[in-house]
Novice: 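Quick one: structure below, then a few questions.
What you see is a predicted model, and the numbers here were worked out from it, not measured in a lab. In what follows, chains carry the letters A, B, and so on, assigned in the order in which the sequence lines appear, proteins first and then strands, with residues in each chain numbered from 1.
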2 protein chains.
Amino acid sequence: MKSKNSLSGLGEFGLIDRISAHVGAGAGVITGIGDDAAVTSLSPGMQLLTSTDMLLEDVHFRRSWHPPRLLGRKSLAVSVSDVAAMGAIPRWALLSLGIPAGLPLDFLDDFIDGFLAVAEEHAVTLIGGDTCFSRGGLVISVTIMAEQYPELIVRRSGALVGHEIWVTGALGDAALVLELLERNDAPDDPSLSARLHDPTPRTAAGFALAESGLVSAMIDISDGLLADFGHIAEQSGVGGELYLEQMPTSVGFRRYAARHPAFPHHLVLSGGEDYELAFTAPPENREKIYAAMKKCGVEALPVGIVTSCPEVRVLLPDGSCYIPQKSGFTHFA
Amino acid sequence: MKSKNSLSGLGEFGLIDRISAHVGAGAGVITGIGDDAAVTSLSPGMQLLTSTDMLLEDVHFRRSWHPPRLLGRKSLAVSVSDVAAMGAIPRWALLSLGIPAGLPLDFLDDFIDGFLAVAEEHAVTLIGGDTCFSRGGLVISVTIMAEQYPELIVRRSGALVGHEIWVTGALGDAALVLELLERNDAPDDPSLSARLHDPTPRTAAGFALAESGLVSAMIDISDGLLADFGHIAEQSGVGGELYLEQMPTSVGFRRYAARHPAFPHHLVLSGGEDYELAFTAPPENREKIYAAMKKCGVEALPVGIVTSCPEVRVLLPDGSCYIPQKSGFTHFA
């Protein structure tokens, strides 16, 4: 008899039981884990929002850099961030895991623990998934479902010329940590490290912006502001000017920048994985947006303006202008 | 400039554009591929059914055995089968791909072609997904969404003592083909090979059985009848007797069996991936079920009976009885 303390002893269905034991009832969940499909019920009048993310070992994360509990947290957080960027209310998640031979059961327990902690923080219920053996590295696939009234959903396509471009929080932290790790130079500031390993999806801010009707377009910053605002610009048929001086950075980021002569602008503009929100809004909404964000405990700043010129340009402090060629992280490039 | 005829030339967003160019409008789709999340609208009064499957190279499939077009077909078909087993109407799918270096663009095109062909056959619209680079093999993750009126959804938990156990189609073909491939003995019968490489989800049959209210529990046979009926038994708090003699097999399977003295019972009972339906129903519904299945062009046969004894046993032609220990495919074992 194999030990129940190893994955091979536990088996596929034992693992599923082990996970589902920690999942409680959730809003709108009729049938959760355990049938051929989960059954859920949308709130009356709301539409369904769905997004999915795949995280692969040594592509999106390294096991040696990323503690399993934080990896579990991040796996759900990045998907929650997608529906937050449309102003939706996250509800249900599916989690699929491809598990390499020899992965310790402790790793899985910690991973699930982190995943379910983020689920609880954002009122998300795990309703299903798939588990299988992987001959490669750890494979994680998460699907998130959310809901919102149709008239409140914020898309990428609504930006209008003259609207201000805003970002929440601070930019570049996650990319800075990644760069330091790649240089074998672990950041000394745990709050900075957390920005890569344990990002906070802006659920409350996204919902507040949607509900208030103050914003015209929104996206989450996963591939860097230049690339992600680029998606808004493309889908709205507009362009934009971003003011480098106004980009918000964290204390930790600025402390690093002060020690290094070449200020890493590219991390702020093109670094990925901050999972902040970028949105556009008419200038007359500025004070109301400050107030709404303050209520959510989230900083937000206007950092640019939507233009009719079909390109995204960065204005530098000396008045010169930079029009980027490569605008963010893209796979296969 | 890299060639648009290679994946690295095309890039992540080029690949997404290439896929979405082939996706048309779909029922209930408000916003499809291209925003942070897809937006869909359920039919009034219906609930949402969601299921997800992960397929990993050299675990679930081998590229050398599985032509890319059929792999694309199967990737969606196995998920459609899950919601068919609950009697639901498949609607929307998400597709995530982790793509290894050097995978030919032709392979991807054929894969997508097959995936979208099955989507069209079952009125499913691809509404989103994720694409990324994989350092291991090809990674495929599919989420299917379906809808159905709450009172028509068929679960695993409704089987009652005295109900008959039914299966659609024929059992063991997929497992037989897999066994032959593993012996480097490619099956000479293309219709037999298709049963492994291109399974047919029983969407119409599942829906007809749900709508008619004739059945008490249902599941799709992905891990072998013994294991999958075992799930019905467990969740319904019952047991079952299966009659080996009555198990439906295909002409191709019987031809193989005739040439081999040891008739491969285990393939019929414990072979996976047939994606037929197993369901239970009161005996008085027998004729109506035959009629409903005939209308769908699907064969179905009663092959056992639900019992109060909490185990699943197989009755052999000589009157003896076999109580299996290991009941089907399970990962990590």
Novice: Contact part of B:M46 toward chain A, heavy-atom cut-off under 4.5 Å: side chain, backbone, both or neither?
Specialist: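 For B:M46, no heavy atom lies under 4.5 Å from chain A.
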
Novice: Do you know which of A:L48, A:D130, A:V39, A:I219 has the most heavy-atom pairs under 4.5 Å to chain B?
Specialist: A:L48

Novice: Could you tell me which residues satisfy ring-ring contact (aromatic ring centres under 6.0 Å, His included) with B:F279, sequence neighbours excluded, listed by chain and number?
Specialist: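 ring-ring contact (aromatic ring centres under 6.0 Å, His included) check on B:F279 returns B:W166.
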
Novice: Which distance, rounded to the nearest 0.5 Å, do you find between the NE2 of A:H60 and the CZ of B:R135?
Specialist: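 So the NE2 of A:H60 and the CZ of B:R135 are separated by 11.0 Å.
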
Novice: What part of B:I153 is in contact with chain A, defined as an atom under 4.5 angstrom from a non-hydrogen atom: side chain, backbone, both or neither?
Specialist: side chain

Novice: Quick check on A:T131 against chain B: is it the side chain, the backbone, both or neither that has a heavy atom closer than 4.5 Å?
Specialist: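 When you check distances to chain B, atoms from both the backbone and side chain of A:T131 fall under 4.5 Å.
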
Novice: Given 3.5 Å as the limit, does a donor-acceptor pair link the side chain of A:E57 with the main chain of B:G136, or not?
Specialist: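 Side chain of A:E57 to backbone of B:G136, a donor-acceptor pair under 3.5 Å: no, none is there.
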
Novice: Heavy-atom pairs under 4.5 Å with chain A - which of B:S79, B:G28, B:S134, B:G137 has more of them than the others?
Specialist: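 Option with the greatest count: B:S134.
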
Novice: Work out which heavy atom in A:G98 is nearest to a heavy atom in B:M54; give both atom names and the distance.
Specialist: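 Minimum heavy-atom separation between A:G98 and B:M54: N-SD, 3.6 Å.
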
Novice: Quick check: does any side chain N or O of A:Q47 sit under 3.5 Å from a backbone N or O of B:L42, one acting as donor and the other as acceptor?
Specialist: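 A pair under 3.5 Å: no.
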
Novice: Tell me, for B:L15 versus chain A, whether the close heavy atoms (under 4.5 Å) come from the side chain, the backbone, both or neither.
Specialist: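 Interface part for B:L15: side chain.
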
Novice: So does A:L94 get a backbone contact from the side chain of B:T52, meaning a donor-acceptor N/O pair under 3.5 Å?
Specialist: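 Judged by distance alone, no pair lies under 3.5 Å.
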
Novice: Between A:I127, A:L95, A:I232, A:I99, who has the most heavy-atom pairs with chain B when the cutoff is under 4.5 Å?
Specialist: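 Looking at each option in turn, the highest pair count goes to A:I99.
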
Novice: Contact between B:T31 and A:R155 at the side-chain level, heavy atoms closer than 4.5 Å - yes or no?
Specialist: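 Touching, per the 4.5 Å side-chain cut-off.
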
Novice: Rounded to the nearest 0.5 Å, how far does CD1 of A:I140 lie from OG of B:S141?
Specialist: 11.5 Å

Novice: Closer than 4.0 angstrom, basic N to acidic O: yes or no for B:D35 and A:R156?
Specialist: yes

Novice: Taking atom types as modelled, is there a side-chain donor on B:T143 or A:T143 under 3.5 Å from an acceptor on the other?
Specialist: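 A:T143 and B:T143 do have a side-chain donor-acceptor pair below 3.5 Å.
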
Novice: Taking every heavy-atom pair that is under 4.5 Å apart, which of B:T50, B:L55, B:L56 has the most such pairs with chain A?
Specialist: B:T50

Novice: Taking B:S51 for the side chain and A:D36 for the main chain, is one N or O donor matched with an acceptor at less than 3.5 Å?
Specialist: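 Indeed, once roles are kept as given, a pair shorter than 3.5 Å links the two residues.
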
Novice: Can you tell if the side chain of B:D58 reaches within under 4.5 Å of the side chain of A:F133, non-hydrogen atoms only?
Specialist: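 The answer is no; the side chains never approach within 4.5 Å.
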
Novice: Under 4.5 Å, heavy atom to heavy atom, which residues of residues 82-91 of chain A contact chain B?
Specialist: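 Expected list: A:D82, A:V83, A:A85, A:M86.
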
Novice: Which one, B:M218, B:E147, B:Q235, leads in non-hydrogen pairs under 4.5 Å with chain A?
Specialist: B:Q235

